[in-house]
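What you see is a predicted model, and the numbers here were worked out from it, not measured in a lab.
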Amino acid sequence: MEKQVLVFITDGFADWEASYITTELNSPETGYRVKTIAIDKQPKVSMGGLRVLPDYDLADHPSLAEIAMLIIPGGTGWREEHNQQASRIVAQCVEHDVPIAAICDATTFLANHGFLENNKHTGNMLETMKEGAPNYRGDRLYVHAQSVSDGNVITANGSAAVEFSRHILERLGVMQGEQLEQWYDIFKKGYIQQ
């Protein structure tokens with residue numbers, strides 16, 4: 001049975017930050033199926049203008065046993081009050097050991113709700129995280145890196161979609177070792193290196 005990987009979207013979500021990973025995970029041979037979730041089932045429009053109708057909302061989503069991972073792209077919506085209710089599904093994932101992967105301003109959202117206080121993590125910059133997340137208390141575990149994977153938490157800064165995807169592919173067992181490094185090299189450096 002396929003497990004679902006949920007991608008949490010808001011109006012203004014950064015569509016490119018999850019595009020590398022969703023394409024790979026949605027391949028039939030992976031055993032995963034990518035679905036979208038939002039605070040409600042109203043269409044969400046990405047920063048790039050893509051209009052997406054969420055598969056699920058906070059009141060109606062698969063059981064946590066069916067969810068392999070929650071991926072949270074960044075974007076312009078994570079500091080808006082109505083999107084803070086997304087912390088409910090994050091808390092449920094933490095409680096049930098479902099891995100969480102957040103990139104860009106979604107890391108600031110996690111920080112503000114106390115989800116980065118027990119794992120090494122990164123974000124756009126420590127100063128930015130402190131500014132955008134007044135409740136943040138995890139700065140002792142902040143790592144200045146493109147992407148960090150620690151336990152059930154993967155975080156990345158906004159320029160690290162490829163590194164972020166590499167950590168997710170590895171964590172979900174979709175690619176390992178040389179195959180994963182070849183994938184990373186292609187998307188990071190290209191087929192033709194000059």
Between [X] and [Y], is there shared hydrophobic-cluster membership here, with clusters defined by ILVMFWY side-chain heavy atoms closer than 4.5 Å?
X	Y	result
Met175	Ile168	yes
Leu116	Ile89	yes
Leu25	Ile67	no
Phe109	Val94	yes
Phe13	Leu58	no

Quick one: does any side-chain atom of [X] pair with a main-chain N or O of [Y] as donor and acceptor, under 3.5 Å?
X	Y	result
Asp57	Ile39	no
Ser27	Glu29	no
Thr30	Val174	no
Thr128	Asn124	no
His96	Gln92	yes
Asn83	Gly77	yes

**Asked** Given Tyr184 and Ser165, is the side-chain contact (heavy atoms from CB on, under 4.5 Å) satisfied, shown in steps?
**Response** CA-CA 9 Å; Tyr184 176 77; Ser165 298; over 6 Å; no
Could you check if a side-chain atom of [X] sits within less than 4.5 angstrom of a side-chain atom of [Y], using non-hydrogen atoms only?
X	Y	value
Ile100	Val90	yes
Arg79	Thr108	yes
Val52	Pro43	no

**Request:** Check the angle between the aromatic planes of Trp78 and Phe8 and answer parallel, tilted or perpendicular using the 30° and 60° thresholds.
**Result:**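 Trp78 and Phe8: tilted rings.
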**Request:** Please work out whether the ring planes of Phe187 and Tyr20 are parallel, tilted or perpendicular, with thresholds of 30° and 60°.
**Result:**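 Answer is perpendicular, since the angle exceeds 60°.
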**Item:** Residue among Ile37, Val5, Val7 satisfying side-chain contact (heavy atoms from CB on, under 4.5 Å) with Leu70
**Value:**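 Between Leu70 and the candidates, side-chain contact (heavy atoms from CB on, under 4.5 Å) is satisfied uniquely by Ile37.
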**Message:** Under the side-chain contact (heavy atoms from CB on, under 4.5 Å) test against Thr155, which residue among His121, Lys120, Met129 passes?
**Reply:**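 Passing option: His121.
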From [X] atom [atom1] to [Y] atom [atom2], the distance as rounded to the nearest 0.5 Å:
X	Y	atom1	atom2	answer
Asp15	Ile9	CG	CD1	10.5 Å
Ile103	Leu110	CD1	CG	12.0 Å
Gln176	Leu169	CD	CG	9.0 Å
Asp105	Thr76	CG	OG1	9.0 Å
Leu180	Arg166	CG	CZ	6.5 Å
Arg33	Thr22	CZ	OG1	11.5 Å

**Message:** Does either side chain, that of Glu24 or that of Tyr32, offer a donor lying less than 3.5 Å from an acceptor on the other one?
**Reply:**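 Short answer, no.
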**Prompt:** Any side-chain donor paired with an acceptor under 3.5 Å for Glu117 and Tyr136?
**Reply:**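 Not at all, the side chains of Glu117 and Tyr136 share no donor-acceptor pair under 3.5 Å.
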**Request:** Provide the full list of salt bridge (Lys or Arg N to Asp or Glu O under 4.0 Å) pairs with a residue in residues 121-133, sequence neighbours left out, each pair given once.
**Result:**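 Qualifying pairs: Lys130-Asp139.
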**Item:** Tyr56/Gln4 under side-chain hydrogen bond (donor to acceptor under 3.5 Å, both in side chains): CA gap, chis, key distance, verdict
**Value:** CA-CA 12 Å; Tyr56 303 112; Gln4 295 186 38; 2.8 Å; yes
**Prompt:** So does Lys41 have more than 12 non-hydrogen atoms from other groups sitting under 6.0 Å from NZ?
**Reply:**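 Buried by this count: over 12 neighbours within 6.0 Å.
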**Item:** Glu178 atom CD, over 12 foreign heavy atoms within 6.0 Å
**Value:**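 Count not over threshold, so no.
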**Request:** Decide yes or no on side-chain contact (heavy atoms from CB on, under 4.5 Å) for Met69 and Ile154, but give the supporting numbers first.
**Result:** CA-CA 10 Å; Met69 180 177 278; Ile154 297 169; 4.1 Å; yes
**Item:** Derivation of the side-chain contact (heavy atoms from CB on, under 4.5 Å) call for Leu64 and Cys93
**Value:** CA-CA 7 Å; Leu64 292 164; Cys93 287; 4.1 Å; yes
**Prompt:** Which heavy-atom pair separates Ala14 from Pro73 by the least distance, and what is that distance?
**Reply:**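 Heavy atoms only, the tightest pair is O-CB, 3.9 Å.
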**Request:** Give the intermediate values and the outcome of side-chain contact (heavy atoms from CB on, under 4.5 Å) for residues Gln84 and His82.
**Result:** CA-CA 5 Å; Gln84 302 312 301; His82 66 278; over 6 Å; no
**Nonpolar side-chain network containing Met47, other nodes, edges under 4.5 Å** =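 Besides Met47, the hydrophobic cluster comprises Trp16, listed by chain and residue number.
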**Request:** May I have all residue pairs that pass side chain to side chain donor-acceptor pair (under 3.5 Å) and include part of residues 143-152, sequence neighbours excluded?
**Result:**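 Every pair satisfying side chain to side chain donor-acceptor pair (under 3.5 Å) with a residue in residues 143-152: Gln146-Asn157, Gln146-Ser159, Ser147-His167, Asn152-Arg171.
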